[in-house]
Amino acid sequence: FPVSTDQYIALGGAISTLLGVIITWLVARKTLQKKELSYRIRMDPLISAKMADPGKNLVIRYGEEVLPQPVLLSVDITNTGNVPVENPPIEVEARGPTYVIPGYFENLPPGYEDLWSIKRTDAESCAILLAHINPGQTARVRLLMDELPKETPVFKCPMAGLEVSEQGVVEV
């Protein structure tokens with residue numbers, strides 16, 4: 001069946017409109033990239049203060065360090081943006097004389113054993129090294145402290161173009 005010139009023009013207009021929509025969507029997606037990490041901190045004493053009475057029979061050590069009242073410090077870091085974040089410079093620091101000891105990642109995704117790690121930077125802080133964290137992905141970091149600090153540990157991530165937000169209040 002014969003096709004008229006008007007039909008070619010209409011088909012061309014429909015195709016160019018569709019291409020315009022697709023190109024606009026791709027450009028908007030690129031320009032609306034959002035790099036954002038959110039974190040939640042939780043502190044759980046491992047032993048009741050009544051049980052960990054200094055000078056009694058219970059002594060807990062990490063290497064040479066005595067942990068008078070050990071506390072599990074849980075830091076959950078989630079990529080709440082829409083693009084992967086590469087090598088964010090994350091550090092968790094206790095204020096005051098509280099020791100922070102590297103622990104482990106809970107529910108480490110398969111294949112991330114060499115991409116995510118925890119390193120002690122000094123007695124009161126640890127660096128959390130993430131080669132990358134994908135949108136919607138959560139790194140569940142577990143650290144140990146020698147005692148319950150008087151102030152909340154500080155979460156630091158000074159990276160250009162990255163928004164960092166606290167997810168809820170610190171739980172003790």
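Since this is a predicted model, take the numbers as computed values, not measurements.
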Is the shortest side-chain heavy-atom distance between [X] and [Y] below 4.5 Å?
X    : Y    : answer
V154 : V92  : no
L162 : V85  : yes
H132 : Y112 : yes
P70  : P45  : no
L67  : R61  : no
L129 : K119 : yes
M43  : P153 : yes
I60  : V66  : no

Minimal non-hydrogen separation, [X] against [Y], with atom names:
X    : Y    : answer
S38  : T80  : OG-CG2, 3.2 Å
G103 : I118 : C-CD1, 3.9 Å
P135 : P84  : CD-N, 3.8 Å
E147 : V71  : C-CG2, 3.6 Å
D146 : Y99  : OD1-N, 2.8 Å
L37  : P88  : CD1-CB, 4.0 Å

field: Gap separating the CD atom of E113 from the CG atom of L108, nearest 0.5 angstrom
entry: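 So the CD of E113 and the CG of L108 are separated by 5.5 Å.
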query: So how far is it from L143 CG to L73 CG, rounded to the nearest 0.5 Å?
result: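 Answer rounded to 0.5 Å: 5.0 Å.
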message: Just to verify, which of R140, R142, R42 counts as forming a side-chain hydrogen bond (donor to acceptor under 3.5 Å, both in side chains) with D76?
response: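 Going through R140, R142, R42 one by one, the side-chain hydrogen bond (donor to acceptor under 3.5 Å, both in side chains) with D76 is satisfied by R142 alone.
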Measure from the side-chain N and O atoms of [X] to the backbone N and O of [Y], and report whether any donor-acceptor pair falls under 3.5 Å.
X    : Y    : answer
Q7   : T5   : no
D6   : A10  : no
W25  : G20  : no
N82  : K34  : yes
S125 : T121 : no

task: Evaluate side-chain contact (heavy atoms from CB on, under 4.5 Å) for L130 paired with N87, printing each intermediate quantity in order.
output: CA-CA 5 Å; L130 307 175; N87 298 307; over 6 Å; no
Please tell me whether [X] and [Y] are part of a single hydrophobic cluster in this structure, the criterion being side-chain heavy atoms less than 4.5 Å apart.
X    : Y    : answer
I128 : Y104 : no
V100 : L148 : yes
L11  : L19  : yes

message: Any salt bridge linking R40 with E166? Criterion: basic side-chain nitrogen under 4.0 Å from a carboxylate oxygen.
response: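 Looking at E166 together with R40, the answer is no, because their closest N to O distance does not fall below 4.0 Å.
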query: Does the side chain of T98 come under 3.5 Å of the side chain of E124 through a donor N or O and an acceptor N or O?
result: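 No, no side-chain donor-acceptor contact under 3.5 Å.
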- prompt: Given K156 and E93, is the side-chain contact (heavy atoms from CB on, under 4.5 Å) satisfied, shown in steps?
  reply: CA-CA 8 Å; K156 302 176 187 177; E93 180 181 357; 2.3 Å; yes
message: Once you measure the plane-to-plane angle for F155 and Y39, does it fall in the parallel (<30°), tilted (30-60°) or perpendicular (>60°) bin?
response: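 Correct class here is parallel.
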message: Are more than 12 heavy atoms, taken from residues, nucleotides or ligands other than D122, located less than 6.0 Å from that residue's CG atom?
response: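 Yes, enclosed.
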